[in-house]
Chemist: 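Quick one: the structure is below, and I'll ask about it shortly.
Chain naming here is simple, since letters A, B, ... match the order of the sequence lines and numbering starts at 1 in each. Because the structure is a prediction, the values reported are computed rather than measured. We use all heavy atoms of the structure for the numbers below, so side chains are in, but hydrogens, waters and symmetry mates are not.
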Protein chains: 2
Amino acid sequence: MASRAKATIFDIAREAGVSKSTVSLVLQGSGLIRPETAVKVRKAIEDVGYVYNRGAANLRKAHSNVIGMVINDLTNPFFAELAVGMERVFQSAGIVPFIANTAENPVRQEEVLKSLMEQGVAGLIVSPARGTTPGAFRRLEIAGVPIAFAMRRLPESRIPVIAPDNHRGGYLATAHLIGKGHRRLVFFGGSSDLVVYHERLGGFREACETLGIDTRDMLVIEGETSRRGGIACLETALAMAEPPTAALCFNDAVAFGAMLALRKRGLEPGPDFAVVGFDDVVEAEHYMPALTSVAVDSAGLGERAAHVMIKMIQSRTTRAEDHIGAVNLVVRESCGPDRRTRNRSSGGAA
Amino acid sequence: MASRAKATIFDIAREAGVSKSTVSLVLQGSGLIRPETAVKVRKAIEDVGYVYNRGAANLRKAHSNVIGMVINDLTNPFFAELAVGMERVFQSAGIVPFIANTAENPVRQEEVLKSLMEQGVAGLIVSPARGTTPGAFRRLEIAGVPIAFAMRRLPESRIPVIAPDNHRGGYLATAHLIGKGHRRLVFFGGSSDLVVYHERLGGFREACETLGIDTRDMLVIEGETSRRGGIACLETALAMAEPPTAALCFNDAVAFGAMLALRKRGLEPGPDFAVVGFDDVVEAEHYMPALTSVAVDSAGLGERAAHVMIKMIQSRTTRAEDHIGAVNLVVRESCGPDRRTRNRSSGGAA
DNA sequence: CCTAGTAAATGGAACGTTCCAATAAATCAA
DNA sequence: TTGATTTATTGGAACGTTCCATTTACTAGG
């Protein structure tokens, strides 16, 4: 019904008895027009039910004010937080952020990127989908659109990255476990197609080596990065001849899975087998037992990424420095008391 | 660097030795042009690094192919699922869905809606922020943009709604508790500014009345819709002179909170106090004890909403029928065994 | 009273597409 | 051969803005 031909600045101009140029000036808040005129125009804008056509405007203006955030998995609160963090700063900078989800699917990612480009975004922040091919961003780079990676990076890309210090996180968590007296450790979950995996695992390895863990006591079990993956990892670990007594998990989901599996076997996460997670999602705090985890502050990283992007846009460059966010280990209950005190009461974890 | 003036169809035309109109036709996949010509043009498109300018196109075309999804809280996996479900069907319909988050803030919602309108969306699916004023969508309605509400509705709006059968969900869950032998029940969490609250509570009330629960044994404790809210509700309930023995919670977060609080008091959720959640988020299944909850299939509702929107756009109407999605109670462990058998072992829950 | 100078408002061209009407080339019926 | 028909291609106007160069109306200085 109500949809008569959309009102344009010409309609406003007629209604207010001025020229289209004047209306345009008012729309842009120019100080050149007489206040009374502005008021008159603004009233006309209301009256005709005008809605600004940004597409038409962008045809003349060099830059649009929308930026795209491409997220690999919005269903994961960890990445949702990232998006929300970015959104916060963009919003307050007068930039309109649009979020698109790729569901960890490179093909979908390609489509989404194409759409965003066609929409004329001023910039793009991407948490790339698993399995993204190295060339996926070439077209965007040659188009000269500012791009930044958040949270994840691609192996040999020159695109700036805003990510947590995964290596250090892995180190800190492992050092904590070793400090508790554990001498046979395992890294649970993740797979080598993800750069993040190598980083976290790298921290684990370095801690083990630096703090005197025998190489044969430093186990690695790959697996899905989900609860189910965690369950599987734990089963595998406990089936070993000499099972480990502590695990650093690729992420919290894996850790939850591992704890679940422990419980199912009648073992208590913490006293019987130490578990550390990664990411520190909200759930970690509320779990039973509360999960010790490496906090990466995804919302904060999102904010940082947004600031970087804004700077890139303003300075019309497509380059920026990487930002590596600080991490810190949040110690809760899932690692139990120090292992020395435990030795008295019972043997190994199997 | 690479950012020389953006290539247009004129550049392609020159490169391919045809007219701009021919290029346009190729771009639209028209069958009118000779295949060889099309090939030639497509090659030129590649060569000049062309990116389609949808804004310019929309200036002439009546309708755009982007639709906006406005979500109240992306951080909540429940709503994220909804968004992802919608995305799935839009994507396969060749429509580009952009997600925007309002963080439960009506002001932000207003801004987001404005932006989306200016961007020229073909339609809008909204899960309105808490506290949205009734008039918030008037401007969009008079602009003639198709809108649908998903998951939540506004009190007296004529905008079509796609939502779960909250009333029935409340009824089913309550009937389950009563079937277990509980006679003094409480509804935990939520507040009356949310239509959903009234619906779920309505189901609770109806079940109590129908199944012979005394009005004085039908308690209601409002509270935040979060873990913390659940904790508070439980404290309040157990502080009563005659505490209830079972709770239907507004959502799963409240239920988790309640269970946490029970544990803290040394009570076991299930045997000592029955808890039912609402929404059936993934966590519910993995909790300890696993949470009995009303499953609403948010992804499915999202898909449904997307289909409704597509139909609205195609038929150029702004009206559509409401869709009420089926719910079902997923029984797990958080309600314990039947209360009759329990009576032998111990007394009330306080 | 004229000239500068400032403030406010305006007309026209441009942005990159689509679509219509028109043209050009090729095919066919007679 | 001619005119009609089909097939492939094309130029021009339009879409709703912005921005530049002008115009118009005042004010002030001499």
Chemist: For residues 92-105 of chain B, which side-chain donor-acceptor pairs fall under 3.5 Å, sequence neighbours excluded?
Modeler:
{"from": "B:Ser92", "atom 1": "OG", "to": "B:Arg88", "atom 2": "O", "distance (Å)": "3.4"}
{"from": "B:Ser92", "atom 1": "OG", "to": "B:Val89", "atom 2": "O", "distance (Å)": "3.0"}
{"from": "B:Asn101", "atom 1": "OD1", "to": "B:Leu74", "atom 2": "N", "distance (Å)": "3.1"}
{"from": "B:Asn101", "atom 1": "ND2", "to": "A:Glu87", "atom 2": "OE1", "distance (Å)": "3.3"}
{"from": "B:Thr102", "atom 1": "OG1", "to": "B:Ile71", "atom 2": "O", "distance (Å)": "3.3"}
{"from": "B:Glu104", "atom 1": "OE1", "to": "B:Arg130", "atom 2": "N", "distance (Å)": "2.9"}
{"from": "B:Glu104", "atom 1": "OE1", "to": "B:Arg152", "atom 2": "NH1", "distance (Å)": "2.8"}
{"from": "B:Glu104", "atom 1": "OE2", "to": "B:Asn72", "atom 2": "ND2", "distance (Å)": "3.1"}
{"from": "B:Glu104", "atom 1": "OE2", "to": "B:Arg152", "atom 2": "NH2", "distance (Å)": "3.1"}
{"from": "B:Asn105", "atom 1": "OD1", "to": "B:Val107", "atom 2": "N", "distance (Å)": "2.9"}
{"from": "B:Asn105", "atom 1": "OD1", "to": "B:Arg108", "atom 2": "N", "distance (Å)": "3.4"}

Chemist: I need the full list of salt bridge (charged side-chain N to carboxylate O under 4.0 Å, His left out) pairs touching residues 28-39 of chain A, with sequence neighbours left out, sorted by first then second residue.
Modeler: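 For residues 28-39 of chain A, and leaving out neighbouring residues, the salt bridge (charged side-chain N to carboxylate O under 4.0 Å, His left out) pairs sorted by first residue read A:Arg34-A:Glu36.
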Chemist: To 10°, what angle do the rotation axes through the five end pairs on each side of the helix from C:dC1-D:dG30 to C:dA30-D:dT1 form?
Modeler: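 The value is 50°.
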Chemist: Would you call A:Arg139-B:Glu46 a salt bridge at under 4.0 Å N-O?
Modeler: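 Yes, A:Arg139 and B:Glu46 are salt-bridged.
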Chemist: Set out, in order, the CA-CA distance, both residues' side-chain angles and the distance that settles salt bridge (charged side-chain N to carboxylate O under 4.0 Å, His left out) for B:Glu15 and B:Lys40, then state yes or no.
Modeler: CA-CA 9 Å; B:Glu15 183 83 6; B:Lys40 205 169 51 182; over 6 Å; no
Chemist: Do NZ/NE/NH1/NH2 and the carboxylate oxygens of B:Arg153 and B:Glu199 come within less than 4.0 Å?
Modeler: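 Salt bridge: yes.
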Chemist: Scan for salt bridge (charged side-chain N to carboxylate O under 4.0 Å, His left out) pairs involving residues 116-127 of chain B, sequence neighbours excluded, and state none if there are none.
Modeler: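 Those involving residues 116-127 of chain B are A:Arg54-B:Glu118, B:Lys114-B:Glu118.
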Chemist: For DNA chain C, note the earliest and the latest nucleotide, 5' to 3', having some atom under 4.0 Å of a heavy atom belonging to chain A.
Modeler: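 Answer, 5' to 3': C:dA8 to C:dG16.
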Chemist: Please list residues of residues 21-32 of chain A whose heavy atoms come under 4.0 Å from any atom in DNA chain C, ordered by number; otherwise none.
Modeler: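 When residues 21-32 of chain A is checked for heavy atoms under 4.0 Å from DNA chain C, the hits, listed by number, are A:Ser21, A:Thr22, A:Leu25, A:Leu32.
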Chemist: For A:Thr132 and A:Gln109, test the side chains for any donor-to-acceptor distance below 3.5 angstrom and give the result as yes or no.
Modeler: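 Their side chains do contain a donor-acceptor pair, which is all the 3.5 Å distance test asks for.
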Chemist: For B:Gln28 and B:Ser24, which I'm curious about, is there any donor-acceptor pair between the side chains at under 3.5 Å?
Modeler: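 Present: a donor and an acceptor within the cut-off.
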Chemist: Report the residue (B:Leu59 or B:Gly17) whose heavy-atom-nearest nucleotide on DNA chain D is the more 5′ of the two.
Modeler: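 Per heavy-atom nearest nucleotide, the more 5' residue is B:Gly17.
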Chemist: Relative to the 5' end of DNA chain C, which residue comes earlier, B:Tyr52 or A:Thr37, by the nucleotide with the nearest heavy atom?
Modeler: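 Looking at the nearest nucleotide for each, A:Thr37 comes out on the 5' side.
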Chemist: Could you tell me the separation between the CZ atom of B:Arg34 and the C1' atom of D:dT9, rounded to a whole number of Å?
Modeler: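 So the two atoms are 10 Å apart, to the nearest Å.
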